[in-house]
Amino acid sequence: MNSSPHAQDDDAPRSPLLNLLIMVTLATVVVACWYLLDYYLRDSQSDVTWYPPSGACDLHEGPCEANLGLGGRLVFGVGNDLAPMTTLPLTVALEGLDAKAVTVEFVGRNMPMGLHRFPLKKVGPGTFVGEGQIGLCTEAVMPWRAQVVVETDKARRGSWFDFEVVRRR
């Protein structure tokens, strides 16, 4: 009988240590995949310190303000015409904060409306601008929240501004 020397190795059972190492490796890959998915799919609210707006404000009338703690201040403005499916100029002016990034998110207050996240571009010291858009809703009046997230080297801070959009016919 002509048998190769490798035939005996294929029939031999695996070492219990090898089986354990395979299981540990598979568990490590599953945990790493879970971590990556959680990191990339998590919403922006999980690590943001939120500060309330400074007093009552109507974004339809003009910019709104918020104090972001430790001398930081934020002024957020949207174009005068807050209408769905139109391009909105977004501006954020910061005082007392050295921000490396600013993002504006539009969130439906009473119903999920999807993710509307708009990163702004730094155009000067403490000044960020960009464009955003509010989604279309079947309701005649849709309550929205603009969440402004400021990212510094040390932390992420933010504030929110509530407004309503009336659907045009």
Side-chain angles (χ1 to χ4, degrees), residues 30-169:
V30 167
V31 168
C33 288
W34 171 81
Y35 174 78
L36 286 173
L37 280 173
D38 179 59
Y39 178 78
Y40 285 111
L41 298 178
R42 128 178 55 154
D43 65 352
S44 66
Q45 298 181 21
S46 59
D47 61 347
V48 176
T49 303
W50 293 101
Y51 295 88
S54 301
C57 179
D58 185 359
L59 283 172
H60 292 279
E61 300 294 322
C64 295
E65 299 180 15
N67 292 318
L68 299 181
L70 300 175
R73 189 169 90 92
L74 153 87
V75 178
F76 172 61
V78 180
N80 295 337
D81 188 23
L82 284 167
M85 303 308 290
T86 60
T87 302
L88 302 171
L90 306 174
T91 60
V92 172
L94 300 171
E95 293 176 9
L97 288 172
D98 185 24
K100 61 181 185 177
V102 174
T103 305
V104 175
E105 301 173 351
F106 293 121
V107 179
R109 289 195 327 243
N110 295 354
M111 73 175 68
M113 294 295 293
L115 181 62
H116 303 275
R117 183 179 294 161
F118 305 97
L120 304 185
K121 180 181 174 184
K122 187 172 188 173
V123 294
T127 305
F128 292 80
V129 298
E131 292 181 337
Q133 191 175 56
I134 300 168
L136 186 62
C137 181
T138 58
E139 299 291 320
V141 177
M142 175 64 189
W144 287 91
R145 172 168 284 174
Q147 297 178 162
V148 182
V149 178
V150 178
E151 188 172 336
T152 67
D153 287 333
K154 297 180 181 179
R156 295 178 70 199
R157 301 177 188 183
S159 188
W160 65 91
F161 306 97
D162 293 340
F163 61 98
E164 292 181 347
V165 173
V166 177
R167 182 175 45 134
R168 297 181 184 162
R169 296 180 194 260

Do you know which two heavy atoms are closest between [X] and [Y], and how far apart they sit?
{"X": "Thr152", "Y": "Lys100", "value": "O-CE, 3.8 Å"}
{"X": "Arg145", "Y": "Phe163", "value": "C-CE2, 4.2 Å"}
{"X": "Asn110", "Y": "Pro143", "value": "ND2-CG, 3.4 Å"}
{"X": "Ala66", "Y": "Pro53", "value": "CB-CA, 4.0 Å"}
{"X": "Gly126", "Y": "Lys122", "value": "N-CE, 4.3 Å"}

Quiz item: Who pairs with Ala99 by side chain to side chain contact (heavy atoms under 4.5 Å, CB included), at least two apart in sequence or on another chain?
Solution: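 Here the qualifying residues are Leu94, Val102, Phe128, Val150.
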Self-check item: Set of residues satisfying side chain to side chain contact (heavy atoms under 4.5 Å, CB included) with respect to Lys121, sequence neighbours excluded
Solution: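 Expected list: none.
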Between [atom1] of [X] and [atom2] of [Y], what distance do you get to the nearest 0.5 Å?
{"X": "Arg117", "Y": "Glu105", "atom1": "CZ", "atom2": "CD", "answer": "4.5 Å"}
{"X": "Gln133", "Y": "Thr87", "atom1": "CD", "atom2": "OG1", "answer": "5.5 Å"}
{"X": "Glu164", "Y": "Leu59", "atom1": "CD", "atom2": "CG", "answer": "12.0 Å"}
{"X": "Glu131", "Y": "Leu120", "atom1": "CD", "atom2": "CG", "answer": "10.5 Å"}
{"X": "Ile134", "Y": "Thr86", "atom1": "CD1", "atom2": "OG1", "answer": "7.0 Å"}
{"X": "Met142", "Y": "Leu82", "atom1": "CE", "atom2": "CG", "answer": "13.5 Å"}

Quiz item: Taking only residues two or more places apart in sequence, or in another chain, which ones meet Arg109 in a side chain to side chain donor-acceptor pair (under 3.5 Å)?
Solution: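 Side chain to side chain donor-acceptor pair (under 3.5 Å) list for Arg109, sorted by chain: empty.
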Quiz item: Going through the checks in order, is the side-chain contact (heavy atoms from CB on, under 4.5 Å) test met by Leu97 and Arg157?
Solution: CA-CA 10 Å; Leu97 288 172; Arg157 301 177 188 183; 3.2 Å; yes
Quiz item: Does Phe161 have any ring pair (Phe, Tyr, Trp, His ring centres under 6.0 Å) partners at least two apart in sequence or in another chain, and if so, which?
Solution: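 Once residues adjacent in sequence are excluded, the partners of Phe161 under the ring pair (Phe, Tyr, Trp, His ring centres under 6.0 Å) criterion are Phe76.
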Exercise. Starting from the C-alpha separation in whole Å, work towards a yes-or-no answer on side-chain contact (heavy atoms from CB on, under 4.5 Å) for Val165 and Phe106.
Key: CA-CA 12 Å; Val165 173; Phe106 293 121; over 6 Å; no
Quiz item: Hey, does the side chain of Ser159 reach the backbone of Tyr51 with a donor-acceptor pair shorter than 3.5 angstrom?
Solution: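 Yes, the answer is positive, given that a donor and an acceptor are paired below the 3.5 Å cut-off.
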Quiz prompt | Residue pairs, two or more places apart or on separate chains, that pass side-chain hydrogen bond (donor to acceptor under 3.5 Å, both in side chains) and touch residues 55-70 | solution =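 Passing the test, one end in residues 55-70: Glu65-Arg73.
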Exercise. If a pair satisfies disulfide bond (SG atoms under 2.5 Å apart) and one of its residues is in residues 47-125, list it, with sequence neighbours excluded.
Key: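 Listed once each, the pairs are Cys57-Cys64.
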